[in-house]
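Heads up, the thing below is written out as structure tokens.
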Amino acid sequence: MWECKYGKEPLDTRLCFLRLLRKWWVVCASAAAGALLFGGIYFLSHVVYGPAREYTAEAQFYIEYKNAVTQEQQYTFYNKETWESLIHTDLFMDEIMRAAAEPMRSLGLFDSEEAVRESVSRSVFATLLTDVRLVHVTVTTNNPDYTMILTEALEPAFIKFGETQREIDEIRPVLIPKKASLTAADHRTVRACILGAVLFVCFTLFFMYLYAVLDTSFYIPLEFERRFGIPMELPGKEREADAVRESVEAREREDGTYTLYVKSGDHNRMLAEKTLRDLMKEGKTVAGAVLVQPDEKLIRQYFRTGGWLRRKALKKDGTEDGRES
């Protein structure tokens, strides 16, 4: 009795790989689409419609600390965290605002005192890089003139601050730039393109493999034989299968048995099973099957062995035999 061997039907990874390999252009198109989508979105959001250009000026001030030590207190250095918060306190902001107010009004940059104070606080940053005596101050705004006004206002602010602190003997400027420089934009369009291409390729390969696994078509006779245990052949030279119009069609032979004609790549595995079961219920015998409209190139690739390795092995054997003789 005919039996459908579900449990013995393995996943043919070789066939899946060959079918995926023949769709290489889909992977390439997916990579191009991912790169274009991710790169285009990043370019539009960060370059075309990105933030305004920024101009930066970097100044340095040397802090001369007092070495005096008393019974009440030992003078210490200001650390990195102290300077980062200290630069935004009223001790500095008041003096910077006082020194920068008039130049800002002449350029039409002064709005309200509260708004300007908030803008100055966002634009100025101080820290320590290597030496605790060398304070590095960065001023960044969207206007080169505004950047230089704030930078030049730092000097009186630092000097005034040093005069009010007991632990500081003197503050003097070491570096005051003459011109603000355009901040180099950190464009990552190429990285965005690479990320989009990789993600799209991964998803494409996953869905292509999932489609290959869930596909119910027959591509090689071996698939049919594994599932139904019925021998399947390819159409002969007479091409009798050319007259087949249905996806699955049973034809009676001269000896009373039947031949099942199954179209290749037609998602007809369930239909083939139903046809076989119907014939079995009617007491008819299916002696063989024919794969209609097969992809002969795919079949040759599937059954192809390592020809290069085989020739190399034969050549090696012949050489060894020749040496022995």
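Counting heavy atoms from C-beta outward, Leu260 and Thr275 have side chains that approach closer than 4.5 Å. By the 4.5 Å heavy-atom criterion applied to side chains, Thr189 and His46 are not counted as neighbours. Within the 4.5 Å cutoff, side-chain heavy atoms of Val26 are placed close to those of Thr204. The side-chain heavy atoms of Pro177 and Glu58, taken from C-beta on, include no pair separated by under 4.5 Å.
Leu86 and Leu150 fall within a single hydrophobic cluster, where Ile, Leu, Val, Met, Phe, Trp and Tyr are joined by side-chain heavy atoms under 4.5 Å apart, directly or via other members. Tyr211 is not connected to Phe17 by any chain of hydrophobic side-chain contacts under 4.5 Å among Ile, Leu, Val, Met, Phe, Trp and Tyr, and they are in different clusters. Leu37 and Ile194 are assigned to two separate hydrophobic clusters, defined by single-linkage of ILVMFWY side chains at heavy-atom distances under 4.5 Å. Note on Val132: it clusters hydrophobically with Val137, by side-chain heavy-atom contacts below 4.5 Å among ILVMFWY residues. Hydrophobic clustering (ILVMFWY, side-chain heavy atoms < 4.5 Å, transitive): Val201 and Leu20 are in one cluster.
Other residues, nucleotides and ligands contribute at most 12 non-hydrogen atoms within 6.0 Å of the CD atom of Glu233. Under a cut-off of 6.0 angstrom, the local environment of CZ in Arg22 is crowded, with over 12 non-hydrogen atoms contributed by other residues, nucleotides or ligands. The neighbour count for Glu114 CD, taken as heavy atoms of other residues, nucleotides or ligands under 6.0 Å away, does not exceed 12.
Considering only residues two or more places apart in sequence or on other chains, Leu134 meets the side chain to side chain contact (heavy atoms under 4.5 Å, CB included) condition with Gln60, Tyr62, Asp131, Val174. By the side chain to side chain contact (heavy atoms under 4.5 Å, CB included) test, Asn143 pairs with Leu109, Thr141, Asp145, Tyr146, sequence neighbours left out. Residues that satisfy the side chain to side chain contact (heavy atoms under 4.5 Å, CB included) test with Glu155, not counting sequence neighbours, are Phe61, Ile159, Pro173.
By the 4.0 Å N-to-carboxylate-O rule, Asp90 lies close enough to Arg117 to be salt-bridged with it. Salt-bridge annotation for Arg98 and Asp94: absent, with no side-chain N of the basic residue lying under 4.0 Å from a carboxylate O of the acidic one. The pair Glu246-Lys263 does not count as a salt bridge, with every side-chain nitrogen at least 4.0 angstrom from each carboxylate oxygen. Using a 4.0 Å cut-off between charged side-chain N and carboxylate O, Lys160 and Glu163 make no salt bridge. With salt bridges taken as basic N to acidic carboxylate O contacts below 4.0 Å, none links Glu225 and Arg227.
Each salt bridge (Lys or Arg N to Asp or Glu O under 4.0 Å) pair with one or both residues in residues 197-220, not counting sequence neighbours, appears once here: Arg19-Asp215. Pairs passing the salt bridge (Lys or Arg N to Asp or Glu O under 4.0 Å) check and including a residue from residues 187-202, sequence neighbours excluded, read Asp186-Arg188. Screening residues 188-209 for ring-ring contact (aromatic ring centres under 6.0 Å, His included) gives no qualifying pairs among residues at least two apart or on separate chains.
Taking OG of Ser119 as the reference point, atom CE of Met97 lies at 9.5 Å (rounded to 0.5 Å). Rounded to the nearest 0.5 Å, atoms CG (Leu205) and CG (Leu210) are 12.5 Å apart. Separation of atoms CD (Glu273) and OG1 (Thr216) is listed at 11.0 Å; rounding is to 0.5 Å.
No side-chain donor-acceptor contact under 3.5 Å links Asn268 to the backbone of Val248. Side chain of Ser85 to backbone of Glu81: a donor-acceptor contact under 3.5 angstrom is found. At distances below 3.5 Å, at least one donor-acceptor pair connects side-chain atoms of Thr183 with backbone N or O atoms of Glu54. The backbone N or O of Ile41 sits less than 3.5 Å from a side-chain atom of Ser45, completing a donor-acceptor pair.
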Open item on the list: The test is salt bridge (charged side-chain N to carboxylate O under 4.0 Å, His left out); show your working for Glu249 and Arg245 and say whether it passes.
Closed with: CA-CA 8 Å; Glu249 184 176 329; Arg245 295 292 180 264; over 6 Å; no

TODO: List the steps, then state whether side chain to side chain contact (heavy atoms under 4.5 Å, CB included) holds for Val286 with Thr257.
DONE: CA-CA 6 Å; Val286 178; Thr257 60; over 6 Å; no

TODO: Show your reasoning for whether side-chain hydrogen bond (donor to acceptor under 3.5 Å, both in side chains) applies to Asp266 and Ser217.
DONE: CA-CA 5 Å; Asp266 207 27; Ser217 302; over 6 Å; no

Task: salt bridge (charged side-chain N to carboxylate O under 4.0 Å, His left out) evaluation trace for Arg122 with Glu118 - done: CA-CA 6 Å; Arg122 290 197 309 266; Glu118 183 179 354; 3.4 Å; yes

TODO: Determine, stepwise, if the pair Glu84 / Lys80 fulfils salt bridge (charged side-chain N to carboxylate O under 4.0 Å, His left out).
DONE: CA-CA 6 Å; Glu84 290 177 357; Lys80 175 176 176 290; 2.8 Å; yes

TODO: Verify side chain to side chain contact (heavy atoms under 4.5 Å, CB included) between Thr127 and Phe125, making sure each step is shown before the conclusion.
DONE: CA-CA 7 Å; Thr127 189; Phe125 176 77; 3.8 Å; yes

Open item on the list: Please determine whether side-chain hydrogen bond (donor to acceptor under 3.5 Å, both in side chains) holds for the pair Arg251 and Thr259, giving the CA-CA distance in whole Å, both sets of side-chain angles, and the decisive distance to 0.1 Å.
Closed with: CA-CA 5 Å; Arg251 292 185 181 180; Thr259 298; over 6 Å; no

Open item on the list: For Ser264 and Tyr219: C-alpha separation, side-chain torsions, deciding distance, then whether side chain to side chain contact (heavy atoms under 4.5 Å, CB included) applies.
Closed with: CA-CA 5 Å; Ser264 175; Tyr219 294 94; 4.2 Å; yes

Task: Audit row: Thr82, Asn79, side-chain hydrogen bond (donor to acceptor under 3.5 Å, both in side chains) steps and yes/no - done: CA-CA 5 Å; Thr82 300; Asn79 59 25; 2.6 Å; yes

Open item on the list: Using side-chain hydrogen bond (donor to acceptor under 3.5 Å, both in side chains), reason through Thr140 and Ser123 one step at a time and then give a plain yes or no.
Closed with: CA-CA 5 Å; Thr140 304; Ser123 304; over 6 Å; no

Task: Asp169/Tyr65 under side chain to side chain contact (heavy atoms under 4.5 Å, CB included): CA gap, chis, key distance, verdict - done: CA-CA 5 Å; Asp169 187 35; Tyr65 290 95; over 6 Å; no

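For the pair Arg253 and Tyr258, the cation does not sit on the ring face, since its NZ or CZ is not both under 6.0 Å from the ring centre and inside 45° of the axis.
Between Tyr78 and Phe161, the angle of the ring planes lies from 30° to 60°, which puts this pair in the tilted group.
Only one option out of Ile171, Ile96, Ile168 pairs with Phe158 in a side-chain contact (heavy atoms from CB on, under 4.5 Å); it is Ile171.
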